[in-house]
Trainee: 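Below are the structure tokens for one structure; questions will follow.
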Amino acid sequence: MSYSFKEIEEKWQCYWQEKQIFKASHAPEKKKFYCLEMFPYPSGKIHMGHVRNYTIGDVYSRYKWLEGYSVLHPMGFDAFGQPAENAAIKNNTKPDSWTHKCIDWMKIELEKMGFSYDWERELSTCDSTYYRWNQWIFLKMYERGLAYQKASSVNWCPSCQTTLANEEVIDGECWRCHNPVQQKELEQWFLKITDYKERLLDDLNRLQHWPERVIAMQKNWIGKSQGVEIYFRLKENDTVITVFTTRADTIFGATYVVLAPEHPLVKELIKGKPQEKDVLDFIDKVSKESKIARVKEDVKKEGLFTGTFCVNPVNNEVIPIWIADYVLMEYGTGAIMAVPTHDQRDFLFAKEHHLPMRIVIKSPSHQVTKSPDEMTGAYAGDGLQVNSGEFNGLPNQEAKTKIAQWMQDKGMGKIVTHWRLRDWLISRQRYWGTPIPMIYCKACGVVGVPYKDLPVVLPADAPFTGEGGSPLGKVESFVNVACPQCDAPARRETDTMATFFDSSWYFLRFCSPKDDSAPFNTQEARYWMPVDQYIGGIEHAILHLLYSRFFTKFFRDLGMVDFPSAADNCSGHDEPFRCLLTQGMVLKDGEVMSKSKGNIVDPDSIIQKYGADSLRLFILFAAPPETELEWDDRGIEGAFKFLNRVWRIQENLKDTPEPHLIRILHKTIKKVSDDVAAFKFNTAIASLMELVNAIYQLGADKEVFSKLVLMLSPFMPHFAEELWQILGNEESIFKSQWPLHDPTLLVEAMVTMVVQVNGKVRFKIEVASDIDEEKLKKRVLSDEKLIPWLQGKQVKNIIVVPSKLVSIVV
RNA sequence: GGGCAAGUGGUGGAAUGGCAUACACGACAGACUUAAAAUCUGUUGGCUGUAAGGUCGUGAGGGUUCGACUCCCUCCUUGCCCACCA
């Protein structure tokens, strides 16, 4: 007979809802805890990744409830986005009704898992009560010059018929459909995230509870690099080409200069030169190339001589100017000095086009400096300066700063910092998103929609066919509007916002989701924020987390947030997420579960067969939260067996306590408390299993069993509630308290110590735990088991590790 | 090319300087049963030995240490992220 999980789970899910057990309440006298999991895109079905993500958060929230915290654990839906449009086209429905159907369905599935959400705070980003605040935020940014329009060459996905942010281009392909991305000139809206680059970089140091690799990824993405801009004057006139380098130590080895094909000076340089036509043809060819082709590693570096020369300012050497596709206009100044001996790309290019080379850094491992002709590749390592004028003999790292300073002093260059971070392109030529609240008037120009007119509601009908252009542009009633300033006929912006905008501040909205006077209530945010624990996938390590940090800092500049510094003073006033946990993926047969691979395990079918508690237990026990998890059908059965094993204890409770079991219980309480607090759920469950095994040996009384049930409750909440009730309790187990261990019960009178000889374990002894060191040494040396190991040898040293081991060196 | 993880039994994993393989799965054996399932109780790294025991063993090689899965160096493999970034 197994326990009837179906009835039990339904019963308690209803109970939690009706009694509002997990309703968050602003209780200033209590310590608060805001636990948040990344909200899902409502695709219609939850997958194992969701189950894992949300189970981890649920265990932690319930544990915090039991610890007496005032807990906020909300859930919502990231409901705008392209899949809804595609699904609507496919199923001949509307994105709106499709999305809402999906939300309803997913909510049922989430409820079936028994997650402890405060559903009264549920939000969907596609509701105008939410996205009106996107528009509000956008207008605030516009007022402050942080939202601006720019005609620019943008990444265009011909398949999705939309522009993409740099962040959405992966290996030159669209992140969603994986088709090659092209370049296209369009007037687009950008957010000036680069204004916040220093703060976004510096404050990473305050995020002590974030995984190191996420910090590293963000640093990398922001990409601060110190270097020098060097001025190369043309040989024939006073025009100056500015190049950027991080290797000022190699300046004496610069034997030519290379410009990006798009560099604005190129056309001027080649005017009237014999090379003019060839160069123009080359530029034309490169501009048509998609980024993917240009960036491919194995493609030969192509380039041409411009027919022009310039002067290296440090040695007045006249060197040729080339253009090449391996120099990018987007980075640095779009121009480089080429040092073929010490940069591999320059080396390959120089070999290909027979350009001169000169060694300026001598590798310490080579006794004889090779001539450039003998080199098979660039030497990028450290060494001593040679052929570098007054800097000869210096270690290159030292020379790097000295040369930079010297060039700046002589007016040959300037010490500068370059950043990789670009402004954030948010315009999308799509229907299912937040309309950008701007109006174009012939007389007044670009005008923001007045705050009182928000929201700009997304019209219910739009001809989105996926055939290009902004669907909203085809809805006359939407487009035509009176100018808010002069009342003349004007036109609305027809692009919508990238959905990353929606998710950049939802954690603030959860603090006061019904507020209709502001995006969020400052007092509520002051109480709940920052999010104490954020949990989600590593795939959001850069974009979502960076944007959220940017928005939060912007809100602080508006005076809308100023979080009390966290107790451990590690996140500060405008960092939204104090602790971050990135959970590992769920794999099947070593591969990510996906439709195309056909290896999906549907959570719902598992719930049907074993119940949500077994599913939760398996997923928590099979691996630590951060690592990958291999799905195992037999593992879920093991979890189910364990629940039944616990269930049977209740049928055989003893009346009298077992002293030895009490000790084991208190050890378990300590271990489980420490482990849960540190997200080591797998080992917490392992020690609970050990306790259950001990109960099977010794027999438990009601007291011990109650504590066991309490400790099991975050992992398998329905099951624990039912047993809690059977034990005679009237209130929910989550209104109870997490057990505390009694330290005096952890101290044993006798301990087993290991005796090592020369580092090898030879035998074990039982001694009183408070034995002093001298007595212990005597006890060990007089042990007859030691005799064979000491024969013919002298004891050199004895090391004692209290309560653990005695190590004898002979 | 750069950065960050990880590599332990048949399997998932445990141990972060002190008894390697906790806990679980699987396998094997026993009890119960007419039988099976379920359940309960054992055994379960390799080699060697009747046994007690011995010996080897945490991707490879070296180092530090009385003692290393753990710390340091070199290398290999796998995964993730970034990348013609000057």
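Letters go in sequence order (proteins before strands), and every chain restarts at 1.
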Trainee: Sequence neighbours left out, cut at 3.5 Å: what donor-acceptor pairs do the side chains of residues 622-631 of chain A make with other protein atoms?
Mentor:
from      : atom 1 : to        : atom 2 : distance (Å)
Thr627(A) : OG1    : Pro624(A) : O      : 3.1
Glu630(A) : OE1    : Gly590(A) : N      : 3.0
Glu630(A) : OE2    : Asp589(A) : N      : 2.7
Glu630(A) : OE2    : Gly590(A) : N      : 3.4
Trp631(A) : NE1    : Asp633(A) : OD1    : 2.9

Trainee: Indicate, with a heavy-atom threshold strictly under 4.0 Å, whether Trp789(A) touches base, sugar-phosphate, or nothing.
Mentor: sugar-phosphate

Trainee: Tyr331(A) vs His418(A) aromatic rings, parallel, tilted or perpendicular, using cut-offs 30° and 60°?
Mentor: tilted

Trainee: Please enumerate all residues that pass ring pair (Phe, Tyr, Trp, His ring centres under 6.0 Å) together with His353(A), with sequence neighbours excluded.
Mentor: Trp322(A), Phe349(A)

Trainee: List the atom pairs, with distances to 0.1 Å, where a side-chain N or O of residues 245-254 of chain A and a protein N or O form a donor-acceptor pair under 3.5 Å, not counting sequence neighbours.
Mentor:
from      : atom 1 : to        : atom 2 : distance (Å)
Thr245(A) : OG1    : Arg247(A) : N      : 2.8
Arg247(A) : NE     : Asp249(A) : OD1    : 3.1
Arg247(A) : NE     : Asp249(A) : OD2    : 3.3
Arg247(A) : NH2    : Asp249(A) : OD2    : 3.1
Asp249(A) : OD2    : Asn396(A) : ND2    : 3.0
Thr250(A) : OG1    : Arg247(A) : O      : 2.8

Trainee: Side-chain atoms of residues 673-680 of chain A: list all donor-acceptor pairs with protein atoms under 3.5 Å, sequence neighbours left out, distances to 0.1 Å.
Mentor:
from      : atom 1 : to        : atom 2 : distance (Å)
Ser673(A) : OG     : Ile669(A) : O      : 2.6
Ser673(A) : OG     : Trp738(A) : NE1    : 2.9
Asp674(A) : OD2    : Lys670(A) : NZ     : 2.8
Asp675(A) : OD2    : Lys671(A) : NZ     : 3.1
Asp675(A) : OD2    : Thr683(A) : OG1    : 2.8
Asp675(A) : OD2    : Ala684(A) : N      : 3.4

Trainee: Give the dot-bracket line for RNA chain B from 5' end to 3' end: parentheses for intra-strand Watson-Crick or G-U pairs under 3.5 Å, square brackets for crossings, | for inter-strand pairing, dots for unpaired.
Mentor: (((((((..(((.....[....)))((((((.......))))))((((....))))..(((((..]....))))))))))))....

Trainee: Excluding sequence neighbours, so at least two apart, what forms salt bridge (charged side-chain N to carboxylate O under 4.0 Å, His left out) with Lys654(A)?
Mentor: Glu658(A)

Trainee: Residues in ring pair (Phe, Tyr, Trp, His ring centres under 6.0 Å) with Phe282(A), at least two apart?
Mentor: none

Trainee: Distances for protein N/O vs nucleotides 50-52 of chain B N/O pairs under 3.5 angstrom?
Mentor:
none

Trainee: Looking at every strand, decide which applies to Ser807(A) at a 4.0 Å heavy-atom threshold: base, sugar-phosphate, or nothing.
Mentor: base

Trainee: Could you tabulate the donor-acceptor pairs under 3.5 Å formed by side-chain atoms of residues 336-345 of chain A, not counting sequence neighbours?
Mentor:
from      : atom 1 : to        : atom 2 : distance (Å)
Thr341(A) : OG1    : Arg358(A) : O      : 2.8
His342(A) : ND1    : Tyr379(A) : O      : 2.8
His342(A) : NE2    : Val360(A) : N      : 3.1
His342(A) : NE2    : Ile361(A) : N      : 3.2
Asp343(A) : OD1    : Arg345(A) : N      : 2.9
Asp343(A) : OD1    : Arg345(A) : NE     : 3.3
Asp343(A) : OD1    : Asp346(A) : N      : 3.1
Asp343(A) : OD2    : Arg345(A) : NH2    : 2.7
Gln344(A) : OE1    : Ala378(A) : N      : 2.9

Trainee: What residues, two or more places apart in sequence or in another chain, satisfy ring pair (Phe, Tyr, Trp, His ring centres under 6.0 Å) together with Phe715(A)?
Mentor: none

Trainee: If you look at every strand shown and take non-hydrogen atoms under 4.0 Å, does Glu229(A) touch a base, only sugar-phosphate, or nothing?
Mentor: nothing

Trainee: Heavy atoms only, 4.0 Å cut-off, all strands: where does Pro624(A) land among base, sugar-phosphate and nothing?
Mentor: sugar-phosphate

Trainee: Tell me every residue that passes ring pair (Phe, Tyr, Trp, His ring centres under 6.0 Å) with His540(A), counting only those two or more places apart in sequence or in another chain.
Mentor: His544(A)

Trainee: For nucleotides 19-32 of chain B, just jot down a letter per nucleotide in 5' to 3' order: B, S or -, based on protein non-hydrogen atoms under 4.0 Å.
Mentor: BS-BBSSS------

